[in-house]
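Structure first, then comments.
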Amino acid sequence: MVTGRVLCPAAIEKMIKEHGMTLEEAVSHPRLALQEGELRLEAFHLPPSALDRLRGLGYRVKPYESLNGWFGRVHALLVGPKIYGAADPRDFGAVKGVNK
């Protein structure tokens with residue numbers, strides 16, 4: 001698999017292998033990051049009660065209401081018997097196949 005950032009390749013690979021996601025689902029999946037006690041997350045898919053619970057656990061929560069480029073952008077290829085590509089919806093990009 002070929003992807004962009006340092007942490008994203010491992011996370012995307014885990015989502016595919018352990019959670020049965022397609023490459024496109026893994027690249028598009030909501031992201032989160034914990035830095036110095038602040039939990040940033042793409043929270044549009046979570047109910048407010050989930051965010052309140054995280055706050056109750058002591059996290060400073062910074063929710064993003066949509067996919068956000070702050071978490072990085074990943075365009076990925078999965079190479080095997082076939083080649084699959086996925087473009088991150090957080091960025092301008094596209095996947096295109098070319099036959100030789």
Side-chain angles (χ1 to χ4, degrees):
M1 180 180 325
V2 180
T3 63
R5 289 179 68 153
V6 175
L7 297 176
C8 289
I12 289 171
E13 184 175 0
K14 183 174 182 137
M15 287 187 274
I16 292 169
K17 288 183 175 179
E18 296 182 17
H19 300 285
M21 292 184 179
T22 66
L23 182 62
E24 185 174 9
E25 289 169 336
V27 167
S28 302
H29 198 269
R31 297 183 185 152
L32 61 87
L34 179 61
Q35 294 180 330
E36 300 173 4
E38 181 178 69
L39 181 63
R40 294 180 179 214
L41 65 158
E42 294 172 333
F44 55 88
H45 63 294
L46 297 174
S49 60
L51 300 177
D52 291 339
R53 234 176 128 187
L54 290 167
R55 288 182 186 103
L57 293 171
Y59 293 105
R60 289 175 304 163
V61 177
K62 179 168 181 157
Y64 291 82
E65 296 305 320
S66 62
L67 297 176
N68 192 288
W70 182 89
F71 295 94
R73 297 163 182 92
V74 176
H75 302 296
L77 293 174
L78 182 61
V79 180
K82 292 185 177 183
I83 298 174
Y84 297 92
D88 197 327
R90 294 165 188 83
D91 194 13
F92 298 106
V95 176
K96 182 176 182 179
V98 178
N99 289 324
K100 290 186 177 184

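Values below: every heavy atom of this structure, side chains too, minus hydrogens, waters and symmetry copies.
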Requested in this report: Rounded to the nearest 0.5 Å, what's the gap from CD on Glu36 to CZ on Arg60? Could you check?
Outcome: 7.5 Å
Report summary line: When every non-hydrogen atom of Leu77 is compared with those of Gly85, the smallest separation belongs to CD2-CA, 4.0 Å
Query raised in the report: Mind checking whether Leu34 and Phe71 sit in one hydrophobic cluster, side chains of I, L, V, M, F, W, Y counted as touching below 4.5 Å?
Result: no
Query raised in the report: Is Leu78 linked to Met21 within one hydrophobic cluster, defined over Ile, Leu, Val, Met, Phe, Trp and Tyr using a side-chain heavy-atom separation of less than 4.5 Å?
Result: yes
**Report entry** Whether Glu42 side chain and Arg31 backbone form a donor-acceptor pair below 3.5 Å
**Finding:** yes
Query raised in the report: Any donor-acceptor pair under 3.5 Å linking the side chain of Arg40 with the backbone of Trp70?
Result: no
Query raised in the report: If every non-hydrogen atom of Phe44 is compared with every non-hydrogen atom of Pro30, which pair is closest and at what distance?
Result: CZ-CG, 3.8 Å
Query raised in the report: Counting only heavy atoms not in Arg53, do more than 12 sit closer than 6.0 Å to its CZ atom?
Result: no
**Report entry** Atom pair NZ/CD of Lys62 and Gln35 - distance to nearest 0.5 Å
**Finding:** 11.0 Å
Requested in this report: Please name the pair of heavy atoms, one in Ile16 and one in Ala26, separated by the smallest distance, quoted to 0.1 Å.
Outcome: CG1-CB, 4.1 Å
Query raised in the report: Can any side-chain N or O of His19 pair as donor or acceptor with the backbone N or O of Lys14 at less than 3.5 Å?
Result: no
Query raised in the report: What closest approach, in Å, do Leu41 and Leu39 show between heavy atoms, and which atom pair accounts for it?
Result: CD2-O, 3.7 Å
**Report entry** Residues, nucleotides or ligands: over 12 heavy atoms within 6.0 Å of Leu46 CG
**Finding:** yes
Query raised in the report: Looking only at heavy atoms, what is the nearest atom pair of Ser28 and Arg90, with distance?
Result: O-NH2, 3.7 Å
Report task. Decide whether Leu57 and Leu32 are clustered together by the hydrophobic rule: side chain heavy atoms of Ile, Leu, Val, Met, Phe, Trp, Tyr closer than 4.5 Å, transitively. Result -> yes
Query - Verify same cluster id: Val95, Val27 (apolar side-chain graph, 4.5 Å) - result: no
**Report entry** More than 12 heavy atoms of other groups within 6.0 Å of Tyr59 OH
**Finding:** no
Query - ILVMFWY cluster, Met15 and Tyr84 together (side-chain gap under 4.5 Å) - result: yes
Report task. Grab the two heavy atoms, one from Pro89 and one from Leu67, that are nearest each other, plus how far apart they are. Result -> CG-CD1, 3.5 Å
